[in-house]
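What follows is a short report on a single structure.
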Amino acid sequence: MNTAKKKVLIVDDDKNLRSVVRDVLSDEGFSVAEAPDGVSALKIFKKDLPDAVLLDLNMPHMGGLETLQELKKINSHVPVIILTAYSDIPTVVEAVKRGAYDFTVKPPDFDRLIITVKRAVERRDLEMEVRRATTALELSLEQVFGRSDAMKTVINQIRQVAQTEFSVIIQGETGTGKSFVANTIHNMSRRADKSFVRVDIGLIPDTLVESELFGYRKGAFTGAEKNKIGYFETAGCGTIFIDELENMSPYVQSKLLSVIERKKVYPLGSTESVAVDVRVIAATNKDIQRSMRAGDFRDDLFYRLGEFIINLPPLRQRAEDIPFFAQKFLLDACTELNKQIKGMHDSAVELLLQHTWPGNIRELKNVIRRAVLSAESDVIQQEHIELLIKNHHTEVPASPLSLKDEIRMLEKRRIREALAKTGGNKTKAAELLRISYTNICEKIKEYGIG
C-alpha cells in the first residue's frame with residue numbers, strides 16, 4: 001500500500017506519546033497532523049480532512065466519545081481508531097457503537113498499530129471506490145428520474161450545475177423529489193466526498209432556527225450549557241440543503257445572506273467568526289419569485305441563492321413516467337415485503353394514468369407499496385389501485401368511524417386547509433388554527449401530511 005499521501009490525525013493530550021506515534025507513522029510514509037484536544041482536532045479535521053484518526057478517550061475539556069461524535073457529524077466515512085490507557089472495555093464498546101473503527105491500548109504495540117492504521121486507510125479507500133461506483137451508477141439519470149421530456153430538461157440542468165459552485169433553488173410541489181435532486185447534485189459535484197447536511201426549516205421552531213443553523217457558545221442563553229456546532233459548520237466543506245425555504249423568517253433570511261456573502265458564521269454568544277466553505281442548495285414548494293414580489297422574501301437573498309433554479313414538474317404533467325415509476329416501486333415493494341408480484345394489469349395501469357396525483361411521486365410510491373401488500377394474486381388488479389386511490393384522495397373509510405376517528409379526520413382536514421391558505425407556511429397556519437407551532441408540526445408528522 002502506498003502511504004505517501006495518506007494523512008493521519010493524532011488526537012491526544014500526551015505530547016510525548018503524540019511525538020512517538022508521529023515518528024513511527026512518518027517512518028511508514030504517512031503524513032501526520034497532531035492535536036492536543038478535541039476542539040483543536042475538530043478544526044484540523046474540517047480544514048484538512050485526514051484519511052484516519054487516532055483518538056484518545058480521556059482528554060480534558062472535550063472527551064474522546066464527544067469528539068468522536070462530532071467527527072462523525074462532519075464526515076462519517078473517516079475511520080477513527082481509539083487509544084485508551086485503561087483498557088476500559090465498556091467505554092471502548094460504546095465508542096465502537098458510535099462508529100469507531102477499532103481500538104488499541106496505550107502504550108501501543110507499534111507493529112499492531114501500523115497494521116490497524118493501514119487497514120483502516122485501505123477500508124476508507126475501498127468505501128470511496130464503492131461510493132464512486134454507486135454515483136456512476138446513478139449517473140444514468142433517466143433510470144432515476146424518468147424518461148419524459150419534462151424530466152430530460154431537469155436532468156440536463158442537473159448535469160450542467162452539478163460540477164459548478166452555483167447556489168441552487170429547487171422549486172416543486174410536495175413529493176416531487178426535491179431532496180433527491182439536491183442529493184444527486186451533491187453526489188455529482190466536486191464535494192461528493194464531503195458531507196451532505198439536510199436542514200428542514202419547517203420542522204424547526206422560529207426561535208431556534210438561528211442557533212440550529214449557525215450554532216452557539218456556552219452561556220449564550222439560558223440552557224446553553226456547552227458549545228453547539230451549527231449545521232453550517234457541520235457541513236464542513238460539503239453541501240448544506242435547506243428545505244422549506246419559504247418558512248424562513250425575515251431575520252434569519254438576513255443572517256443567511258450575510259453568511260453566504262462573507263463565508264463566515266457568528267455563533268450566538270460569540271464575537272469571533274468561523275470560516276465556512278459550504279455550497280448551499282435550497283428547496284421550496286412555493287414560487288419564491290412571487291413571494292419576493294409580495295415582500296415575503298428578500299430579493300437580495302433570492303439572487304444569491306437562485307444562481308441556478310430548477311423547477312420540478314408535478315407527476316400529472318409527465319404521465320409517461322407513471323408506468324416506469326410504478327414498475328420500479330413494485331419491484332422495491334416486492335423486495336421489502338418478500339412477495340412475488342409479476343406485474344400490473346393494464347386496467348390498473350390505466351387507472352394510475354388517469355389519477356392526478358396531488359402527492360406526486362411520494363403518493364404513487366405509497367399506493368403501489370400498499371397495493372403489493374394487499375394483493376393476494378401475482379398481478380396487481382384494477383380494484384386494488386381503485387380502492388387505494390379513492391381512500392387516499394377522499395379519506396372515506398371502508399367502515400363507520402368512531403368519534404375519535406372522526407375528530408382526527410376533521411383535524412387533519414383543517415390542518416390541510418390552513419396550510420393551503422398560507423402556502424405551506426406552518427407558522428401562519430398555526431396562527432390560523434390557534435395552536436402552537438410545535439403542536440402543528442407534531443400533527444403534520446402524526447397524520448403524514450405532505
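Screening residues 327-339 for side chain to side chain donor-acceptor pair (under 3.5 Å) gives Glu336-Arg369 as the qualifying pairs, with residues at least two apart or on separate chains. Pairs passing the side chain to side chain donor-acceptor pair (under 3.5 Å) check and including a residue from residues 227-245, sequence neighbours excluded, read Lys46-Glu233, His186-Thr239, Arg198-Asp243, Glu244-Asn247, Glu244-Lys426.
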### Query
Where do Asp193 and Arg124 land on the salt bridge (Lys or Arg N to Asp or Glu O under 4.0 Å) test, with the steps shown first?
CA-CA 11 Å; Asp193 60 338; Arg124 170 172 163 78; 5.1 Å; no
### Message
Under the criterion side chain to side chain contact (heavy atoms under 4.5 Å, CB included), I'd like the reasoning laid out for Gln381 against Glu386: C-alpha separation, chi angles, the key distance, then a yes or no.
### Response
CA-CA 9 Å; Gln381 302 293 333; Glu386 190 170 32; over 6 Å; no
#### Entry: Verdict with reasoning, Ile385 to Met344, per side chain to side chain contact (heavy atoms under 4.5 Å, CB included)
CA-CA 10 Å; Ile385 301 299; Met344 304 180 68; 4.0 Å; yes
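Legend: residues meeting side chain to side chain donor-acceptor pair (under 3.5 Å) with Asp48, ordered by chain and number and at least two apart, are Lys7. For Glu94, the salt bridge (Lys or Arg N to Asp or Glu O under 4.0 Å) partners at least two apart in sequence or on another chain are Arg98. For Phe325, the ring-ring contact (aromatic ring centres under 6.0 Å, His included) test picks out Phe329, with sequence neighbours left out. A search for salt bridge (Lys or Arg N to Asp or Glu O under 4.0 Å) contacts involving Lys152 returns nothing, not counting sequence neighbours.
Surrounding CZ of Arg316 are more than 12 heavy atoms belonging to other residues, nucleotides or ligands, all under 6.0 Å away. A 6.0 Å sphere centred on NZ of Lys365 holds no more than 12 heavy atoms belonging to other residues, nucleotides or ligands. Summarising the local packing, CZ of Phe166 is surrounded by 12 or fewer heavy atoms from other residues, nucleotides or ligands at distances under 6.0 Å. For Glu225, the CD atom sits in a loose shell: 12 or fewer heavy atoms of surrounding residues, nucleotides or ligands are nearer than 6.0 Å.
Here Arg414 does not pair with Glu411 in a salt bridge; the nearest charged N to carboxylate O distance is not below 4.0 Å.
Asp321 and Ser148 share a side-chain donor-acceptor pair at under 3.5 Å. Side chains of Thr284 and Glu246: a donor-acceptor N/O pair is present below 3.5 angstrom, by distance only.
Across all their heavy atoms, Gly146 and Ile155 have their closest contact at O-CD1, 3.9 Å.
Annotation: Phe214 is in aromatic contact with Phe232 [ring centroid separation under 6.0 Å].
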